[in-house]
Number of protein chains: 2
Amino acid sequence: MDVKPAGKERRVRADAQRNLDALLQAAKAVFVTSGVDAPVREVAEKAGVGIGTLYRHFPQRADLIAAVFRREIDACADAAAVLAAEHPPFEALALWMQRYAVFVATKKGLAPALHSGDTAFCTLRAHFEERVRPAIKMLLDAAVAAGAVRPDVDPDDLIIAVSSLGSSGYTDKPGRVARIVALLADGLRAHP
Amino acid sequence: MDVKPAGKERRVRADAQRNLDALLQAAKAVFVTSGVDAPVREVAEKAGVGIGTLYRHFPQRADLIAAVFRREIDACADAAAVLAAEHPPFEALALWMQRYAVFVATKKGLAPALHSGDTAFCTLRAHFEERVRPAIKMLLDAAVAAGAVRPDVDPDDLIIAVSSLGSSGYTDKPGRVARIVALLADGLRAHP
DNA sequence: TGCTAAACGGAACATTGTTCCGTATAAAAC
DNA sequence: GTTTTATACGGAACAATGTTCCGTTTAGCA
C-alpha cells in the first residue's frame with residue numbers, strides 16, 4: 001500500500017473530456033428549451049451518456065447548472081464596463097439593468113433556483129455575487145458621483161430587484177419586464 | 001337505471017365536512033412552516049386522513065393551495081379600499097404595495113408557483129387577478145387623477161412587479177423588500 | 001334495521017434526483 | 001505489444017413525492 005507520488009498526475013482521460021463536453025453542450029440546449037428544471041436524464045440521454053457518467057462529472061444537479069451558466073454570468077458582468085465607457089453614468093446603469101434582466105429572464109428557472117436557499121446552489125450563487133456585485137456597484141457609484149442617482153441605494157437591493165423581476169416568468173406581454181425595470185430605474189434618480 | 005331527481009340533493013356527509021375542515025387547517029399550518037412546496041402527505045397526516053381523502057377534496061395540489069389562500073387574497077384586496085379612505089392617493093398606493101409585498105413574501109413559494117405557468121394554478125391565478133387587479137387599479141387611477149403619479153403605468157405591471165419582488169425569497173436582511181418596493185413607488189411619481 | 005351512494009384509506013404507479021457497484025477502457029509501465 | 005491499474009462508464013436500484021385506483025367503510029335515508 002504505497003502512497004501515490006504527489007507529482008506527475010495522470011492525464012485526464014480523453015473519453016472523460018469528450019463526455020464532459022457533450023454533457024455541457026446537451027445541458028445548454030436542454031435548459032434553453034425546457035428550463036433548468038429539466039430532468040437530468042434528459043440531459044444525459046441527449047449527450048449520449050449514462051446517468052452515472054453525468055453524476056460523476058456533476059455530483060449535483062446544481063453543479064451542472066452552475067457549469068453551464070458560469071460563462072454567461074461572466075459575460076453579463078463584463079458588459080458593465082463596456083456600457084460605462086460608452087454611455088453617461090445614469091444611462092449606463094439603466095442599460096445594464098435591462099441587460100441583466102434579459103439575461104435572467106432567458107434562463108428560465110435560474111433565479112428562483114438561485115434564491116431558493118438550497119445549499120446546493122451556494123457555489124453558483126457565490127460566483128454570481130462575486131462577479132455581478134462589483135459590476136453593479138461600479139455603475140451605481142459612478143451614477144451617484146455624477147449626481148444622477150440618489151446616494152442611499154444599496155447595490156444588493158438592485159441586484160435582487162432586477163433578478164426578481166427578470167425571473168418572474170411573466171412573458172405574457174412583450175416589454176413588460178423592460179417597462180418595470182425602467183420604472184425602477186426612474187425611482188433611483190436623484191431628486192433635486 | 002333511473003335518473004336521480006334533481007331536487008332534494010343528499011346533504012353533505014358530516015365526516016366529509018369534518019375532513020375538509022381538518023385538511024384546510026392542517027394545510028394552512030404546514031404551509032406556514034414548510035412553504036407551499038410541502039409534501040401533500042404531510043398535510044394529510046397532520047389532518048389525520050388518508051391521501052385518498054385529500055385527493056378527493058382537492059384533485060390537485062394546486063387546488064389545496066388555492067383553497068387555503070383564497071381568503072387571504074380577498075383580505076389583501078379589501079385592504080385597498082380602507083387605505084384609499086384613510087390616506088392621500090399616493091400614500092395609499094405606496095402603502096398598499098407594501099402590504100401586498102408582505103402578503104406575497106409570507107407565502108413562501110406561492111408566487112413562483114403562481115407564475116410557473118403550470119396550468120394547475122389557473123384557478124388561483126384567475127381569482128388572484130380578479131380580486132387584486134381591481135384593487136390596484138382603483139388606487140392607481142386615484143393617484144393619477146390627483147396628479148401624483150404618471151399616467152402611463154399599466155396596473156398589471158405593478159401587480160407583477162410587486163409580486164415578483166415579494167416572492168423573491170430574499171429575507172436575508174430585514175427591510176430589503178420594503179426598500180425596493182419604496183424605490184419602485186418613487187419611480188411612479190409624476191415628474192413636474 | 002337494511003340499503004346505497006358517498007367517502008375513506010392506503011397500496012400502487014409514475015416521475016425525478018441520487019447512489020452504488022460491476023464492467024469496460026485509456027493511459028502508463030514494462 | 002502486452003500487462004497493469006486507476007479511472008470512467010452505464011444503468012439498475014433507492015428515495016421522495018405527486019397522483020390514481022379500487023376494495024372497504026359508513027353516514028344518511030327509508
Side-chain angles (χ1 to χ4, degrees), chain A residues 1-24 26-27 30-31 34-67 109 112-113 116 118-121, chain B residues 1-24 26-27 30-31 34-67 109 112-113 116 118-121:
Chain A
M1 239 214 255
D2 41 11
V3 175
K4 156 97 94 29
K8 205 184 181 188
E9 296 280 311
R10 196 181 268 251
R11 210 163 65 223
V12 197
R13 271 173 56 164
D15 55 347
Q17 185 63 51
R18 215 177 328 131
N19 282 334
L20 194 145
D21 291 344
L23 278 168
L24 278 176
V30 168
F31 289 166
S34 310
V36 300
D37 291 333
V40 283
R41 280 171 177 77
E42 195 179 330
V43 174
E45 192 176 3
K46 182 151 198 152
V49 306
I51 316 151
T53 301
L54 187 156
Y55 270 86
R56 158 162 284 263
H57 290 288
F58 306 101
Q60 303 222 18
R61 254 185 76 75
D63 297 323
L64 176 60
I65 296 172
S116 66
D118 187 338
T119 55
F121 283 100
Chain B
M1 241 215 258
D2 41 10
V3 176
K4 156 98 90 37
K8 205 184 184 190
E9 297 280 310
R10 194 183 269 249
R11 212 164 62 222
V12 197
R13 271 171 57 164
D15 55 348
Q17 184 64 53
R18 215 177 329 128
N19 283 334
L20 194 145
D21 291 344
L23 279 168
L24 278 176
V30 168
F31 289 167
S34 310
V36 299
D37 291 333
V40 283
R41 281 172 176 76
E42 195 179 329
V43 174
E45 191 176 4
K46 183 150 195 152
V49 306
I51 316 153
T53 301
L54 187 155
Y55 271 86
R56 159 163 284 264
H57 289 289
F58 307 101
Q60 305 222 18
R61 255 185 74 75
D63 296 324
L64 177 59
I65 295 172
S116 65
D118 187 339
T119 53
F121 284 100

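Residue numbering restarts at 1 for every chain, and letters A, B, ... go by the order of the sequence lines.
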Write down the atom of [X], the atom of [Y], and the distance for their closest heavy-atom approach.
{"X": "Ala16(A)", "Y": "His57(A)", "answer": "O-CE1, 3.5 Å"}
{"X": "Ala44(B)", "Y": "Gly50(B)", "answer": "CB-O, 4.1 Å"}
{"X": "Glu42(A)", "Y": "Ser34(A)", "answer": "OE2-OG, 3.6 Å"}
{"X": "Asp37(B)", "Y": "Arg61(B)", "answer": "CA-NH2, 3.6 Å"}

Looking at [options], which one has an atom nearest to any side-chain atom of [X]?
{"X": "Ala16(B)", "options": "dC8(C), dA8(D), dA26(C)", "value": "dC8(C)"}
{"X": "Ile51(A)", "options": "dT19(D), dG11(D), dA27(D)", "value": "dG11(D)"}
{"X": "Asp15(A)", "options": "dC9(D), dG9(C), dT19(D)", "value": "dC9(D)"}

List the residues meeting side chain to side chain donor-acceptor pair (under 3.5 Å) with Asp15(A), not counting sequence neighbours, and say none if there are none.
Arg13(A)
For DNA chain C, whose closest nucleotide is more 5', that of Pro59(A) or that of Gly50(B)?
Gly50(B)
Mind checking if Arg61(A) touches a base, just sugar-phosphate, or nothing, with heavy atoms under 4.0 Å?
sugar-phosphate
Taking OP1 and OP2 of [N], is either one under 4.0 Å from a side-chain nitrogen or oxygen of [X]?
{"X": "Asn19(B)", "N": "dA7(C)", "value": "no"}
{"X": "Gln60(A)", "N": "dT18(C)", "value": "yes"}
{"X": "His57(B)", "N": "dA7(C)", "value": "no"}
{"X": "Thr53(B)", "N": "dA7(C)", "value": "no"}

Can you tell me how far [atom2] of [N] sits from [atom1] of [X], to the nearest Å?
{"X": "Ile65(B)", "N": "dG18(D)", "atom1": "CD1", "atom2": "P", "result": "9 Å"}
{"X": "Leu20(A)", "N": "dA26(C)", "atom1": "CG", "atom2": "C1'", "result": "16 Å"}
{"X": "Tyr55(B)", "N": "dA12(C)", "atom1": "OH", "atom2": "C1'", "result": "14 Å"}
{"X": "Arg18(A)", "N": "dA26(C)", "atom1": "CZ", "atom2": "P", "result": "8 Å"}
{"X": "Arg56(B)", "N": "dC21(D)", "atom1": "CZ", "atom2": "C1'", "result": "12 Å"}
{"X": "Leu23(B)", "N": "dC8(C)", "atom1": "CG", "atom2": "P", "result": "9 Å"}
{"X": "Phe58(A)", "N": "dC9(D)", "atom1": "CZ", "atom2": "P", "result": "11 Å"}
{"X": "Lys46(B)", "N": "dG9(C)", "atom1": "NZ", "atom2": "P", "result": "18 Å"}

Run through Leu64(A), Val40(A), Val43(A) and flag the one making a side chain to side chain contact (heavy atoms under 4.5 Å, CB included) with Phe58(A).
Leu64(A)
Check DNA chain C against residues 36-44 of chain A and give the residues with a non-hydrogen atom under 4.0 Å, in numerical order.
Ala38(A), Pro39(A), Val40(A), Arg41(A)
As an exercise, state the distance from CG of Leu54(A) to CG of Leu23(A), rounded to the nearest 0.5 Å.
5.0 Å
Donor-acceptor pair (no angle test) under 3.5 Å: Arg13(A) side chain, dA27(C) base
no
Tell me whether Asp63(B) contacts the main-chain N or O of Gln60(B) through its side chain, where contact means a donor paired with an acceptor under 3.5 Å.
yes
